[in-house]
Amino acid sequence: MWDLTPTLDHDPLFVATALVFATLGSALVVTLYGKALDNGGTQRTIWGVIAGIVAGSTIWTTHYIALLGFFTSINRHYYLSTTLGSLVIATMFCVVGLVLASSSTRKWTVEAGGALVGTGIIASHVLSIQALNVIVEKDYEWGRLSCGVLVGILAGVAVTNRRARPLTRFCKYGAVAAMVAGIAVVHYIGVSGLHITPPYGDDWRSDIGLSERYVFLLTLFFGSLTLILGASANSIDSRNAAAQVKQLRHQAFHDTLTGLANRSLLIEKLTECLAPSFSKVAVVSFDLNRLKSINDVYGHDAGDFVLKGIAARLKQILRPDEVLCRVGGDEFVAFKTGIAGHVEAAAFSNRLRDAVIAVIELDGHKLSVGSSIGISLYPDHGGDPNELMVKADLAMYRAKRNAEASALFYDPEIDERNRQRSAISIELRGAMERNQFELYYQRQNRISDGKLVGYEVLLRWYLPSRGYVGPDVFIPIAERDGFINEIGEWVLRRACMEAASWINPMKIAVNVAARQLADDHLPGIVRSALADSGLDASLLEIEITESGIIADEAHALGIIQELKEIGVSIAMDDFGTGYSSLSTLQSFPFDKIKIDKAFIKGVSNNPQSMAIVRSTIMLGKNLGIAVLAEGVESQADLVFLRNEGITLVQGYLYGQPLPSNVLTSQSAFAAGI
Ligand code: C2E
Ligand code: CA
Ligand code: CA
């Protein structure tokens, strides 16, 4: 029965050619199918169609080359229409299959599409046998043929399944192998199942149709053409994608205005340099002073022009071991590797500075900016890019505050304190919303009979993470960072409310910071705090310090006079610590002078403090202003103050500052003593 043993009768050269085609074509099909999966919409369908065309052509070419290698000694003919028909049918199955298989990776369509590709393999094979024009009976071994059908479909399913649902990155090779194996096995099983019975001896050929020589040329030509076209489409697309990725990467890592690297790239490059560095690296952080003024005066285009000009100049002076980045609007960071120490780092920063501050001409205007520079060193100041940048920044902020120095090195002692302050400042911003402020009240007593005359209101900040933070720490930060007015208003309103609720109304003294005093809204705020709480104006005292007056005396005087018109009294706080205390006392309508606690503590045996206290008391008497001694802690000091004739005292000797609820529960409070 097995008069034809195909495996043995195949010409190895043809088999090898067929295998090369099958492998190249399958690899291309799997790649193109992958492209379809990676794209969406029309692109997906187009790649599915291209993959299908290449798949159909690969299957067809491989079958024909293999078939032509079968009995090469005999020249056979093929029906042209069936030959081409088998190509068309195979291609149709593959196109529909791969478009379907790429429509969704989550659905059964992947496998269904794969099965269609498998069907394409089988159809191409069966038709190619049909195209073989022999005058004998062609008989199929049906068992083998159905086995081939099963293998073909399974192979097709494996192709799309492995590519669309990979478990490892090697699965795509599995998809290629499945396709090659599918084509080869279907061919061999099919051919081995083909039973040709030559009734007329060996002469079973027909010379009708296309001679196999031409069939060979046709398949080779068409197979190569589709492979080349498919591969070209793939290559053009990959190049475009690579160029796009490159461009996107450039955009992601560079600043569009100046073309300089941005923060992300800086960190990447700095990380690369730090790891193997045996020598020091200097990280220089600098910004452009006055760029804002240029923007304001000449417009943003001028600002951009200056930025671009400076960036271009900086680029020119950079050496191979130096990197420069723009990390913010007018902020830059540069680093230099392979330096020996401070001297080289300073030289580098000077070179950068010279390039920054040189004049830039714009429409006849000579524009220039200044620069504050901070420098940190690796490994002295840290081992991590972010840490080094933060430290260079801290030094830069210090340089900004320092009129004399334009470049400063990171100094752990000073800069860490500043960092701590910044951390406090950040937390302080939300303290009010989080209800973290409380008011404490400290007694003020008349010295003659010890009677309670009022309370000083002292702010407390309770932070769950730090506990109580004293006003000495956070008030200066709130003043510096501009939220003292907001906090001060809260204190005023809250203190008036609390005091108004006391059964035994007492005078309260509220501290008002310099910035609050400079604010024209202060009298309005005081008026509304009194009105809202119902507290009598005579029960409110405002404590101001000399720093609140000296900035703009005339303005401060105006505000103070307005406050006095409301009916509140004014106390001069921390007296003795300022410079022009005497003159201010004369020109301002104070109701009280509070001698700073620095002069009270141990006054009974300190001649200098004694002199200040005595002269202040005398001054108060002459000007008709009450004098209060702050920070009275000891009996000895109290005796001295009483003998000197001081009117009022405040200090731990009389009482610690206490919250309103504790204070009002004390029996002394109810009794008013
Ligand atoms: P200050 O106005 O001179 O307040 C008196 C400070 O001395 C308070 O410190 C008080 O607790 C403390 N003190 C009272 N008696 C004694 C004593 O016998 N010995 C010693 N060594 N100290 C005593 P505190 O509460 O820490 O306040 C510090 C500063 O914070 C205040 O100094 C004031 O300048 C500022 N401050 C407090 N609350 C506010 C506020 O609501 N607004 C503003 N702007 N500043 C405030
Ligand atoms: Ca005070
Ligand atoms: Ca004081």
Side-chain angles (χ1 to χ4, degrees), residues 424 428 431-432 436-445 454-462 467-499 507-519 522 525-526 529 540-549 569-578 581 590-604 609 612-613 616 627-638 641 648-660 663:
I424 290 176
L428 198 55
M432 201 125 65
Q436 290 172 339
F437 288 132
E438 283 172 50
L439 294 182
Y440 274 55
Y441 296 82
Q442 190 181 27
R443 309 163 60 96
Q444 296 181 334
N445 290 65
Y455 293 94
E456 177 176 5
V457 182
L458 295 161
L459 184 57
R460 296 288 178 266
W461 179 24
Y462 181 76
Y468 277 102
V469 181
D472 279 337
V473 176
F474 72 83
I475 291 285
I477 296 174
E479 285 190 296
R480 185 193 67 182
D481 294 350
F483 20 88
I484 188 66
N485 292 49
E486 208 184 327
I487 294 175
E489 180 173 346
W490 181 88
V491 172
L492 254 168
R493 291 183 182 281
R494 184 58 178 261
C496 289
M497 285 286 183
E498 288 188 354
K507 188 160 185 163
I508 51 163
V510 176
N511 290 285
V512 162
R515 267 172 179 259
Q516 286 177 272
L517 193 66
D519 183 8
L522 183 66
I525 292 167
V526 168
L540 179 63
E541 186 162 79
I542 301 290
E543 289 193 11
I544 59 171
T545 55
E546 207 181 342
S547 59
I549 303 169
S569 52
I570 309 287
M572 163 105 234
D573 202 359
D574 301 343
F575 188 78
T577 54
S581 300
F590 293 119
D591 302 287
K592 188 184 280 172
I593 300 169
K594 298 184 77 176
I595 307 179
D596 195 77
K597 54 182 177 289
F599 306 106
I600 304 299
K601 192 168 182 189
V603 65
S604 48
S609 295
I612 288 172
V613 170
T616 311
V627 178
L628 180 146
E630 273 191 324
V632 182
E633 289 185 16
S634 74
Q635 198 63 40
D637 294 340
L638 179 66
L641 294 167
L648 303 162
V649 279
Q650 177 185 347
Y652 295 161
L653 191 65
Y654 283 82
Q656 295 273 350
L658 295 169
S660 171
L663 190 88

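Just so we're clear, the structure is a prediction, and the values are computed from it rather than from any experiment. All ligand and atom numbering here is 1-based and tracks the order in the structure.
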Under 3.5 Å side-chain donor-acceptor pair for E456 and Q442: no
Gap separating the CG atom of N485 from the CG atom of L517, nearest 0.5 angstrom: 10.5 Å
Neighbour count above 12 (heavy atom, 6.0 Å) for E486 CD: no
E456, N/O/S atom nearest the Ca ion (ligand 2): OE2
Quiz item: cation-pi between R460 and Y468, 6.0 Å / 45°: no
The Ca ion (ligand 2) contact by N511, N, O or S atom under 3.0 Å: yes
Side chain proximity check, P471 to L458, heavy atoms < 4.5 angstrom: no
Atom NZ of K507: over 12 foreign heavy atoms under 6.0 Å: yes
N, O or S of D596 under 3.0 Å from the Ca ion (ligand 3): no
Donor-acceptor contact present, side-chain N445 to main-chain V649, <3.5 Å: no
List ligand 1's nitrogen or oxygen atoms that come under 3.5 Å of a protein nitrogen or oxygen, with the partner atom and distance.
unit_1, atom_1, unit_2, atom_2, d
ligand 1, 2 (O), E456, OE2, 3.1
ligand 1, 2 (O), N511, OD1, 3.2
ligand 1, 2 (O), D573, OD2, 3.0
ligand 1, 3 (O), D574, OD1, 3.3
ligand 1, 3 (O), E630, OE2, 3.4
ligand 1, 7 (O), K597, NZ, 3.1
ligand 1, 15 (N), Q442, NE2, 2.8
ligand 1, 18 (O), Y652, N, 2.8
ligand 1, 19 (N), E633, OE2, 2.5
ligand 1, 21 (N), E633, OE2, 3.0
ligand 1, 22 (N), Y652, OH, 3.4
ligand 1, 25 (O), R460, NH1, 2.9
ligand 1, 25 (O), R460, NH2, 3.0
ligand 1, 38 (N), L459, N, 3.1
ligand 1, 42 (N), N511, O, 3.4

Close side-chain approach of D574 to E546, heavy-atom, < 4.5 Å: no
Atom name in E543, limited to N/O/S, at shortest distance from the Ca ion (ligand 2): OE1
Geometric class of the F437/W461 ring pair [parallel <30°, tilted 30-60°, perpendicular >60°]: tilted
D574 atom (N/O/S) at minimal separation from the Ca ion (ligand 3): OD1
Of all N/O/S atoms in D573, the name of the one nearest the Ca ion (ligand 3): OD1
